[in-house]
Protein chains: 2
Amino acid sequence: MVKLENRTALTLWQQVVLDQVTKGAHDLSMRQFAILFSVYLEPGPHTVRGLAQKLNVTKPVITRALDAMGQLDLLARKRDVDDRRNVLVQRTVAGALYVENYGDLISRKADR
Amino acid sequence: MVKLENRTALTLWQQVVLDQVTKGAHDLSMRQFAILFSVYLEPGPHTVRGLAQKLNVTKPVITRALDAMGQLDLLARKRDVDDRRNVLVQRTVAGALYVENYGDLISRKADR
DNA sequence: AATATTCGTTTCGTAGCCGTATTATTGCAC
DNA sequence: GTGCAATAATACGGCTACGAAACGAATATT
């Protein structure tokens, strides 16, 4: 479907990053983005340990990211009823909207 | 050239971010990325003030980013000989290589 | 039932970036 | 030359995130 030239790819990337920075909306770090997108683009269930392994980071990183993004209502925690040690990361309405808007932004920057 | 579907765009974005995070190479912040890409993708000369205006951030943000990325040898400072108040942000070999590799990464994730 | 293991969280000390305000240097107008 | 404007850098206090280690709760093992 897509054959992205090197230069085109970089320009697209720059446009999107620049858009986010100029509007002061760089609230999320790379790691937080990785977590958010993983939860919304891949089938669950998503646990703290699972995400930590997937991203190759320590567990406290996930815990703290969930704290931060939970406060923004982009993600939610839920105890696993079958194994109450586990925390299942849940999607939220606000989070789904955020991710979708991000997709729109990228698409929009892509056709020019 | 490119018509990127919403879902496709998001998946591409996730793949690239995930790649960077897992290899522990998320050294740069969003703002630093914006600076780096602006310098390498747009014609110069680039000054501290100019970049600050372009990114809609304060000047100390640029100064500090130049300190950080200068230490990584991704960018270099050079006094403007015509107006010695200005600092011209220069490209480096290591920086050019870094940006090019980033473009390769995006392109590679894009065709699948 | 006692012990070990797993899971997520918390604590601790450290490092980086932030915004505002201030400073040093350079150029310019008069 | 003297005052004034513009540029980049720095100082300061605050906030956030980090990795490593310790921890409490839940489950598994024996």
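Chain A is the first sequence line, chain B the second, and so forth, proteins listed ahead of strands; every chain is numbered from 1.
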Can you check the A:Leu55 CG to D:dC18 C1' distance for me, whole Å? 15 Å
Rounded to whole Å, please give me the gap between NZ in A:Lys78 and P in C:dT9. 15 Å
CD1 of A:Ile62 to CG of A:Asp67, rounded to nearest 0.5 Å, is 11.5 Å
Figure out the CG/P separation between A:Leu28 and D:dT16, and round it to whole Å. 14 Å
So does A:Arg84 get a side-chain nitrogen or oxygen closer than 4.0 Å to the phosphate oxygens (OP1/OP2) of C:dG8? no
Interatomic spacing from CD in A:Gln15 to CG in A:Leu10 - rounded to 0.5 Å: 11.5 Å
Minimum heavy-atom separation for B:Ala65 to B:Ile35, with atom names? CB-CD1, 3.4 Å
Whole angstrom value for the distance that separates P of D:dT7 from CG of B:Leu88: 13 Å
Relative to the 5' end of DNA chain C, which residue comes earlier, B:Asp82 or A:Val48, by the nucleotide with the nearest heavy atom? A:Val48
Would you mind reading off the distance between A:Lys59 atom NZ and D:dC18 atom P, rounded to a whole angstrom? 16 Å
One should read off an interatomic distance between A:Arg64 CZ and A:Arg31 CZ, to the nearest 0.5 angstrom, of 8.5 Å
Does a side-chain N or O of A:Asn86 approach OP1 or OP2 of D:dA26 to a distance below 4.0 Å, or not? no
Roughly how far apart are B:Ser38 OG and A:Gln14 CD, rounded to 0.5 Å? 4.5 Å
With the side chain defined as heavy atoms from C-beta on, A:Val87 is closest, among D:dA8, C:dG8, C:dC7, to C:dG8
Side-chain N or O of B:Arg85 less than 4.0 angstrom from OP1 or OP2 on D:dA5? no
Heavy-atom pair with the smallest gap, counting every atom of A:Val48 and A:Lys59: CG1-O, 4.1 Å
Roughly how many Å is it from CG in A:Asp83 to P in D:dA28, rounded to a whole number? 6 Å
Is it the case that D:dT7 (base atoms only) and B:Arg49 (side chain only) share a donor and an acceptor within less than 3.5 Å, ignoring hydrogens and angles? no
Give the nucleotide from the list C:dT26, C:dT5, D:dT10 with an atom nearest to the side chain of B:Thr63. D:dT10
Taking atom P of D:dT10 as reference, at what distance in whole Å does atom CD1 of B:Ile62 sit? 15 Å
Let me know the distance between CZ of A:Arg77 and C1' of C:dG8, rounded to the nearest Å. 8 Å
Using atom names, set out every protein N or O paired with an N or O of nucleotides 14-19 of chain C below 3.5 Å, distance rounded to 0.1 Å.
residue: C:dC17; atom: OP1; partner: B:Gln32; partner atom: NE2; Å: 3.3
residue: C:dC18; atom: OP1; partner: B:Arg31; partner atom: NH1; Å: 2.8
residue: C:dG19; atom: OP1; partner: B:Arg31; partner atom: NH2; Å: 3.1
residue: C:dG19; atom: OP2; partner: B:Arg31; partner atom: NH1; Å: 3.2
residue: C:dG19; atom: N7; partner: B:Arg64; partner atom: NH2; Å: 3.1
residue: C:dG19; atom: O6; partner: B:Arg64; partner atom: NH1; Å: 3.0

Set of side chain to side chain contact (heavy atoms under 4.5 Å, CB included) partners for A:Asp80, sequence neighbours left out: A:Asp82, A:Asp83, A:Asn86, A:Leu88
